[in-house]
Amino acid sequence: MASSVISPAPTSSFINNKKDLGSFCFSSTSQFSVNKCKKLAVSKKIVSVMAPQQSERRPATTGSVKNAMTLTEKIFSRASEKPQLSPGDNVWVNVDILMTHDVCGPGSFGIFKKEFGENAKVWDREKIVIIPDHYIFTSDERANRNVDILRDFCMEQNIKYFYDIKDLGNFKANPDYKGVCHIALAQEGHCRPGEVLLGTDSHTCTAGAFGQFATGIGNTDAGFVLGTGKVLLKVPPTLRFVLDGEMPDYLLAKDLILQIIGEISVAGATYKSMEFVGTTVERLSMEERMTLCNMVVEAGGKNGVVPADGTTFKYLEDKTSLPYEPVYSDEKASFLSEYRFDISKLEPLVAKPHSPDNRALARECKDVKIDRVYIGSCTGGKTEDFLAAAKVFLASGKKVKVPTFLVPATQKVWMDVYTLPVPGSGGKTCSQIFEEAGCDTPASPSCGACLGGPKDTYARMNEPMASLCLHDK
């Protein structure tokens, strides 16, 4: 596209695993050298003991040769307790956090009990996070039963982090209830640099914004992690995306990731790590970085990651007291490909039906008629997303012409919508601006209609419509 500049750097083949170079010895000459030596039979009988000759100490050269590693490879290395890894290696990884929710939790628990026993205990009750969020505000009996199953399992296992909801009529009466799992994980301090976070949801990759490895897994893997705290993973190769340039005020991180997906396609990062760097990324807030990483799965990515920096550490100051150790890609790390973008030339984008890589300029779609608008979910339901939407409504000064649904991701976001003044509004909050524009009243925080859900799910389309959605799909 003319609106951006992209230039894949020359790719280099992966550095192969270095084989052990055998036994080594130093020569007795003054010049340093390494000679390959045959293994010698050693007698256990002590013939004599002599003081070693004093000479200049030289560095040891035994052991495997260390290769430079990417950020994701380093996290795998630490979590697998292996000093060196390369893409394609299969390793058992120690898990720092496992998250599940009301859709996948019951199935994961069933597998855990089947494989480990009805009376088995989870590997670590403080490393499991249970967040009901998908099908919550519904009268559907099966959906309600799923939340009951979560509650029973958490009581049985004494799970420390269960964000329960009992009163479906008033979410504010449930102080433990949070909302969308991916946003709640960050707000509640479960995301930390250098760690491994797994979740039974494809958009678990959102947490990569904190400089950690985060990816979605299935119920079977989750059941195994519940019992062991480990999972078998293949080390992914890394694609590096360098985003530079001053980001125009009318752009959001959603535009950045749509541009990238439009370039590489929905299969362009299949089982690959997507690492985001550059001056543009460094200036993004944590919520915007979460948007960037959230949608790597729409490109087939295994995970997305932004190196931790001062912005990350500042966000975490009042979120977690647990120690963490960030890691970074080595200067000479090997990337499968590198893509460069000049963000200053980018225009607002949309993904047209029926694929996230069906990219188009927003101005090219100005004549497309829509039936409704939906703002919410893990991608578009954060505080900064609603502030951005409110600014658009404020600037237009017009009433909406189609039903416009608002679903804050979490209780905290819902409170922000009603309390934070919108810059340049004269003190008005998002909720006041939305009301003046004729939008629907902000709904109870949840995943809402993102995953469809029962027929009575708020804002669910029960007949064919054209909807403009500010979320991940």
Side-chain angles (χ1 to χ4, degrees), residues 133 136-137 165 167-175 177-180 182-184 186-188 247-255 284-288 290-291 294 315 318 348 350 362 366 370-450 456-461 465 467-472:
D133 66 346
I136 305 303
F137 303 103
I165 181 168
D167 187 345
L168 303 184
N170 178 17
F171 72 88
K172 289 178 286 185
N174 303 270
Y177 177 71
K178 301 305 173 186
V180 177
H182 310 301
I183 312 306
Q187 292 178 346
E188 298 306 311
M247 187 165 159
D249 292 338
Y250 48 77
L251 291 184
L252 295 171
K254 181 69 174 285
D255 297 293
L284 292 178
S285 67
M286 284 310 303
E287 287 196 358
E288 285 285 79
M290 289 166 68
T291 299
N294 172 275
Y315 181 93
D318 61 347
V350 298
K366 62 182 180 180
I370 58 174
D371 298 308
R372 54 168 53 191
V373 171
Y374 183 97
I375 304 175
S377 87
C378 54
T379 313
K382 303 180 294 300
T383 297
E384 291 177 14
D385 299 316
F386 286 105
L387 285 170
K391 290 178 183 177
V392 172
F393 286 125
L394 186 67
S396 72
K398 299 179 180 178
K399 294 273 189 178
V400 298
K401 295 184 178 181
V402 297
T404 301
F405 302 97
L406 312 169
V407 187
T410 64
Q411 284 222 44
K412 182 183 184 307
V413 175
W414 191 93
M415 289 299 297
D416 288 344
V417 166
Y418 277 90
T419 59
L420 289 183
V422 177
S425 68
K428 292 182 179 179
T429 64
C430 290
S431 61
Q432 290 174 314
I433 294 171
F434 295 148
E435 183 178 4
E436 292 173 358
C439 300
D440 251 36
T441 302
S444 300
S446 74
C447 295
C450 180
D456 62 348
T457 298
Y458 176 77
R460 185 186 191 274
M461 289 192 298
M465 290 184 179
S467 178
L468 176 64
C469 301
L470 275 71
H471 61 74
D472 49 271

Does the side chain of [Y] come within less than 4.5 Å of [X]'s, by heavy atoms?
X      : Y      : value
Pro445 : Lys412 : no
Leu252 : Thr291 : no
Phe171 : Ile136 : no
Val413 : Gln187 : yes
Phe386 : Pro442 : no
His182 : Met290 : no
Leu406 : Ile375 : yes

Can you name the closest pair of heavy atoms from [X] and [Y] and give their distance?
X      : Y      : answer
Cys378 : Ile183 : O-CD1, 3.5 Å
Asp255 : Tyr250 : OD2-O, 4.3 Å
Thr457 : Gly448 : CG2-O, 3.3 Å
Val180 : Ser446 : CG2-O, 3.4 Å
Ala390 : Ile433 : O-CG2, 3.6 Å
Tyr315 : Met286 : CB-CG, 3.6 Å

If you measure from [atom1] on [X] to [atom2] on [Y], what distance do you get to the nearest 0.5 Å?
X      : Y      : atom1 : atom2 : answer
Asp416 : Lys382 : CG    : NZ    : 13.0 Å
Asn294 : Glu287 : CG    : CD    : 12.0 Å
Asp133 : Ser377 : CG    : OG    : 11.0 Å
Trp414 : Lys178 : CH2   : NZ    : 15.0 Å
Leu251 : Lys254 : CG    : NZ    : 13.5 Å
Thr429 : Leu420 : OG1   : CG    : 9.0 Å

Report task. Kindly state each residue pair satisfying salt bridge (charged side-chain N to carboxylate O under 4.0 Å, His left out) with at least one member in residues 419-438, sequence neighbours excluded. Result ->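 Checked against salt bridge (charged side-chain N to carboxylate O under 4.0 Å, His left out) - neighbours excluded - the pairs reaching residues 419-438 are Lys428-Glu436.
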
Query - Residue pairs fulfilling salt bridge (charged side-chain N to carboxylate O under 4.0 Å, His left out) with at least one residue in residues 396-407, sequence neighbours excluded - result: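 Residue pairs with at least one partner in residues 396-407: there are none.
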
**Report entry** Among Phe434, Tyr374, Tyr458, ring-ring contact (aromatic ring centres under 6.0 Å, His included) partner for Phe405
**Finding:**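 Of the listed options, the one satisfying the test is Tyr458.
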
Query - Other residues, nucleotides, ligands: >12 heavy atoms within 6.0 Å of Asn170 CG - result: yes

